[in-house]
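Provided herewith is a single structure, encoded as structure tokens, for subsequent inquiry.
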Amino acid sequence: MSEDVRFSEQGIPQWFSPQHAGEKFKQLCLELAKLAMDAEKKKQRGLAKKLWELQQFAEEYARYYVTQSPIQSVR
């Protein structure tokens with residue numbers, strides 16, 4: 001991605017919390033699972049497969065950040 005990503009008016013946060021990141025990935029994981037189930041119900045198998053793959057990817061990050069990350073926060 002070549003563009004600067006701005007998360008707020010103040011710019012990129014000056015801290016990072018693995019616990020917070022894990023919670024956000026978990027939220028993303030649940031939303032992707034809901035979308036995948038909806039796609040399956042509508043017989044959109046290709047879309048559902050890709051959504052399940054993304055859901056699995058998000059779940060791996062959520063688990064890592066919540067349980068295995070060696071740092072608590074970075075400022």
Joint cluster assignment, Leu54 & Tyr64, ILVMFWY side-chain distance < 4.5 Å
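In one cluster: yes.
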What's the spacing between Glu31 CD and Gln55 CD if we round to 0.5 Å?
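Atom-to-atom, Glu31:CD and Gln55:CD are 11.5 Å apart.
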Is there a chain of hydrophobic side chains (I, L, V, M, F, W, Y, each step under 4.5 Å between heavy atoms) that links Leu28 to Phe57?
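Linked, Leu28 and Phe57 end up in one cluster.
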If you round to the nearest 0.5 Å, how far is CG of Leu32 from CH2 of Trp52?
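So the CH2 of Trp52 and the CG of Leu32 are separated by 9.5 Å.
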Looking only at heavy atoms, what is the nearest atom pair of Ala62 and Gly22, with distance?
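The answer is CB-O, 3.7 Å.
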In Å, rounded to the nearest 0.5 Å, how long is the span from CZ of Phe25 to NE2 of His20?
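If we round to the nearest 0.5 Å, Phe25:CZ and His20:NE2 are 11.5 Å apart.
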Checking Glu60 against Tyr65 for the side chain to side chain contact (heavy atoms under 4.5 Å, CB included) test, could you report, in this order, the C-alpha distance in whole Å, the side-chain angles of both residues, the deciding distance, and whether it holds?
CA-CA 9 Å; Glu60 290 172 12; Tyr65 282 127; over 6 Å; no
Heavy-atom pair of closest approach, residues Gln19 and Val66
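It is OE1-O, 4.1 Å.
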Do the side chains of Gln44 and Glu40 get nearer than 4.5 Å, heavy atoms only?
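Contact flag for Glu40/Gln44 side chains = no.
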Let me check something: do Leu35 and Leu30 share a hydrophobic cluster, defined by ILVMFWY side-chain heavy atoms less than 4.5 Å apart, either directly or through other members?
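The answer is no; the residues belong to distinct hydrophobic clusters.
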If we only count heavy atoms from C-beta on, is the Gln27 to Glu23 side-chain gap below 4.5 Å?
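Answer no - side chains too far apart.
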